Novice: 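A single structure is presented below for examination.
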Amino acid sequence: MLQLSVLKEQTAQVLAGLAKRNYKTAEVDVQAILTLDQRRRALQTQHDQAQSEANELARQIGGLMKSGDRAGADALKIRTAELKTQIRAHSDELTAVEKGQTELLYKLPNIPHESVPPGRSANDNEVVREGGSKPELPAGSLPHWDLIKKYDIIDFELGIKITGAGFPVYKGQGARLQRALVNFFLDEARDAGYTEIQPPILVNEASGYGTGQLPDKEGQMYHDAADNLYLIPTSEVPITNLYRDEIIPVERLPVRNTGYTPCFRREAGSWGADVRGLNRLHQFDKVEIVQITQPDNSYAAHADMVAHVERLLQKLELPYRVLRLCGGDMGFTSALTYDLEVWSAAQGRWLEVSSVSNFETFQANRLKCRYRAEGGKTQLLHTLNGSALALPRIVAALLENNQSPEGIRLPAALHSYCGFEKIG
RNA sequence: AGAGAGGUGGCAGAGUGGUCGAAUGCGACGGUUUCGAAAACCGUUAUACCGGCAACGGUAUCGGGGGUUCGAAUCCCCCCCUCUCUACCA
């Protein structure tokens, strides 16, 4: 959620930012919020004044009652009754105005960072750099959904039987590779200074609102109605919500956390040609890195996180590229997002394996995640997160890119983690 | 899941209708003292919103919501959570 103060003080920049996102009703929405804000403040003032008078009268009545002057007390109660209905009316309208204002504020996406290119879709994203080199596949090479059958390492049919489509069963070397990747990613993150967290994978409603999954993306999460809990779509949700309603001592900043969790996404209605095999799943594994920093440091932290993810891809010997997302393709809550994609040789396409975002104060505002700035004033922090990394598409690329008649060669970095050097 | 107890400031812990944002203790911060430190003493010690250039003033907040009352941390109702015992269980 954008800060009201920013909307008021930097209206022009906000409008320009919303335009970069192709947000249609920016002028109208922003104006409506500012109008409601004037009304809100007027009401607040009136309400507080009436309340103040009522409090004073209550004190006087108390004194009169004590001295036995019942008639005097009753006389004051006439005014008190008046004030009471007045206060009620003010506070009712105040509640309504605040609700309207918050609803409008919830609709507004984050303002893009100045480096974000304009654009409407994924086609307008900017390729920042590429790394590694694409392999030449021998004739008869297979896409990963055939390779997993050939080596019997991932079974979709079994998953369908026991759960449903999009819930694969990893077997044998396939299962061990999952475990190896998780450990590899966690160790790398720890070596980079991140603290490992193992959070709950069900979260309550307040957490969903805190990181922005609610109210807009309700349908994308699995919901346990009996207890009103949500299965997390990413460990960003619990790990960032750890700091909800906190004023973090400066000496504990920046917060740098990592965590492995399974992630659950309903992705309703998004099945099609591009989602075969491991490309898109309802349940998958991911290691996440999260940082919470002071405002001045967040873009340096963001660059650090991108560099960390790049290092992982280099160690995995996968060809990759780094994209700066355009205004039209960025997530609702993000101010700057770099996507990292790996080349999936048999499919002949790039697959997104990480998304590293700086949310600036957008999440922190909802989370009420603050620190005490110089001079003692509380100030919102910046939150950031990135995948480091999501497993399924990494596995798809490893399988496809490294296939040969002798089996699937694994990068050296994984040998000790797997306990084997090739699949098959 | 059943029975009971309870949720108060950074922590501990008073407070059962009136000036209580809340005693007291601890911790933290500033000062006096000291060569320095400890101890001692003095002072400060929440968050949010409204008004104000500011100093400052006002309002709200004692798990959450509603109610009674001129007035609620205190009384009533609903919900959430924690603890103890029992049941169950990795």
Side-chain angles (χ1 to χ4, degrees), chain A residues 1-9 33-105 198-210 214 223-230 238 241-253 255 262 361 363-381:
Chain A
M1 176 165 62
L2 289 173
Q3 294 178 80
L4 195 57
S5 57
V6 173
L7 231 64
K8 275 154 65 175
E9 287 153 27
I33 291 169
L34 295 179
T35 304
L36 282 174
D37 189 54
Q38 281 182 357
R39 182 70 191 142
R40 191 192 106 250
R41 278 151 56 210
L43 282 167
Q44 181 81 57
T45 304
Q46 289 170 30
H47 172 271
D48 285 359
Q49 280 168 358
Q51 186 63 254
S52 178
E53 188 183 342
N55 287 345
E56 174 55 30
L57 287 174
R59 269 188 287 271
Q60 289 178 20
I61 291 170
L64 292 169
M65 297 288 265
K66 218 168 246 172
S67 64
D69 184 356
R70 189 165 290 263
D74 286 343
L76 292 184
K77 285 188 192 180
I78 297 167
R79 175 62 181 154
T80 285
E82 264 173 43
L83 286 168
K84 207 173 175 179
T85 54
Q86 226 178 79
I87 289 165
R88 170 53 66 109
H90 283 142
S91 89
D92 282 353
E93 191 183 346
L94 198 56
T95 306
V97 167
E98 277 171 351
K99 183 161 174 270
Q101 192 179 32
T102 305
E103 274 169 12
L104 280 172
L105 225 35
Q198 200 174 106
I201 59 177
L202 283 156
V203 294
N204 58 29
E205 210 173 2
S207 296
Y209 277 95
L214 296 175
H223 181 224
D224 165 29
D227 295 300
N228 197 23
L229 296 172
Y230 294 86
N241 269 283
L242 256 25
Y243 303 91
R244 170 153 50 84
D245 294 320
E246 296 286 338
I247 298 173
I248 305 177
V250 173
E251 60 271 18
R252 278 176 47 206
L253 294 171
V255 169
T361 59
Q363 287 183 331
N365 193 21
R366 284 199 200 179
L367 289 163
K368 293 189 176 57
C369 176
R370 295 153 294 167
Y371 75 110
R372 208 170 293 284
E374 306 257 340
K377 271 196 127 34
T378 59
Q379 199 170 315
L380 293 174
L381 288 158

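Bear in mind that the values here come from a model prediction, so they are computed numbers and not experimental data. Labels below follow one simple rule: chain letters A, B, ... track the order of the sequence lines, proteins then strands, and each chain is numbered from 1.
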Novice: So, for A:T361 and A:Q3, which heavy atoms are closest and what is the spacing to 0.1 Å?
Specialist: OG1-NE2, 2.9 Å

Novice: Taking all atoms of both residues into account, what is the closest heavy-atom pair of A:L105 and A:M1, and its distance?
Specialist: CG-CG, 3.9 Å

Novice: Only counting residues at least two apart or in another chain, list the ones meeting side chain to side chain donor-acceptor pair (under 3.5 Å) with A:Y209.
Specialist: none

Novice: What is the pairing partner of B:A1, taking Watson-Crick or G-U wobble pairs with both distances under 3.5 Å in any strand?
Specialist: B:U86

Novice: Roughly how many Å apart are B:A40 and B:G25, using the P atom of each and rounding to a whole number?
Specialist: 12 Å

Novice: With rounding to whole Å, what would you report as the distance between B:G66 and B:U61 at their P atoms?
Specialist: 11 Å

Novice: Rounded to whole angstrom units, what separation is found between the CZ atom of A:R372 and the C1' atom of B:G10?
Specialist: 11 Å

Novice: The criterion is side chain to side chain donor-acceptor pair (under 3.5 Å); which residues satisfy it with A:R366, sequence neighbours excluded?
Specialist: none

Novice: Of the candidate nucleotides B:G51, B:A48, B:U19, which contains the atom at the shortest distance from the side chain of A:T378?
Specialist: B:A48

Novice: Starting at NZ of A:K66 and ending at P of B:G71, how long is that distance when rounded to a whole Å?
Specialist: 17 Å

Novice: Checking base pairs now: Watson-Crick or wobble, both atom distances under 3.5 Å. What partners B:C41?
Specialist: B:G31

Novice: Should B:U59 form a Watson-Crick or G-U wobble pair with both distances under 3.5 Å, which nucleotide is its partner?
Specialist: B:A48

Novice: Using atom C1' of each nucleotide, how far apart are B:A14 and B:U24 to the nearest Å?
Specialist: 7 Å

Novice: At under 4.0 Å between heavy atoms, which parts of nucleotides 57-70 of chain B does protein reach? Answer with one letter per nucleotide, 5' to 3': B base, S sugar-phosphate only, - none.
Specialist: -BSS------S-BB

Novice: Just checking A:I247: base, sugar-phosphate only, or nothing, at a heavy-atom cut-off of under 4.0 Å?
Specialist: sugar-phosphate

Novice: Please measure how far the P atom in B:G4 lies from the corresponding atom in B:C78, and state the result in whole Å.
Specialist: 14 Å

Novice: Could you work out the separation of B:G13 and B:G17 based on their P atoms and round it to a whole Å?
Specialist: 23 Å

Novice: Taking atom C1' in both B:G64 and B:A73, what distance in whole Å separates the two?
Specialist: 15 Å

Novice: Expressed in angstrom and rounded to an integer, what is the separation of A:R41 atom CZ from B:A48 atom P?
Specialist: 18 Å

Novice: For B:C50 and A:R39 - does any side-chain N or O of the residue sit under 4.0 Å from the phosphate oxygens OP1/OP2?
Specialist: no

Novice: For A:R40 and B:A48, give me the distance from atom CZ to atom P, rounded to whole Å.
Specialist: 14 Å

Novice: Do other residues, nucleotides or ligands put more than 12 heavy atoms under 6.0 Å from the CZ atom of A:R79?
Specialist: yes

Novice: Could you tell me which nucleotide pairs with B:A72 by Watson-Crick or G-U wobble geometry, both distances under 3.5 Å, or answer none if nothing does?
Specialist: none

Novice: Using Watson-Crick or G-U wobble geometry with both distances below 3.5 Å, tell me the partner of B:U19, or none.
Specialist: none

Novice: Take atom CG of A:L94 and atom P of B:A48, then tell me their distance rounded to the nearest Å.
Specialist: 18 Å

Novice: Could you give the OH-to-C1' distance, from A:Y371 to B:U47, as a whole number of Å?
Specialist: 18 Å

Novice: Check whether any side-chain N or O of A:R370 sits under 4.0 Å from OP1 or OP2 of B:U47, and answer yes or no.
Specialist: no

Novice: Could you identify the nucleotide paired to B:G36, looking across every strand shown and requiring Watson-Crick or G-U wobble geometry with both distances under 3.5 Å?
Specialist: none

Novice: Rounded to the Å, how far apart are A:R244 CZ and B:U47 C1'?
Specialist: 17 Å

Novice: In this structure, how many angstroms lie between the P atom of B:U19 and the CG atom of A:L64, rounded?
Specialist: 16 Å

Novice: Please enumerate all residues that pass salt bridge (Lys or Arg N to Asp or Glu O under 4.0 Å) together with A:E205, with sequence neighbours excluded.
Specialist: none

Novice: Partners of A:R252 by salt bridge (Lys or Arg N to Asp or Glu O under 4.0 Å), sequence neighbours excluded?
Specialist: none

Novice: For B:G51 and B:G63, measure between their P atoms and round to the nearest Å.
Specialist: 30 Å

Novice: On a heavy-atom basis, which atom in A:I248 and which in A:Y371 lie closest, and how many Å separate them?
Specialist: O-CB, 3.5 Å

Novice: Taking any strand in view, what nucleotide pairs with B:C53 in a Watson-Crick or G-U wobble way, both distances under 3.5 Å?
Specialist: none

Novice: On a whole-Å scale, what distance lies between the C1' atoms belonging to B:A38 and B:U45?
Specialist: 22 Å

Novice: Is there a Watson-Crick or G-U wobble partner for B:G10 with both distances under 3.5 Å, and which nucleotide is it?
Specialist: B:C26

Novice: Run the side-chain donor-acceptor check on residues 64-72 of chain A: report pairs under 3.5 Å with partners two or more places apart or on a different chain.
Specialist:
residue: A:S67; atom: OG; partner: A:G63; partner atom: O; Å: 3.4
residue: A:S67; atom: OG; partner: A:L64; partner atom: O; Å: 3.0
residue: A:D69; atom: OD1; partner: A:G72; partner atom: N; Å: 2.8

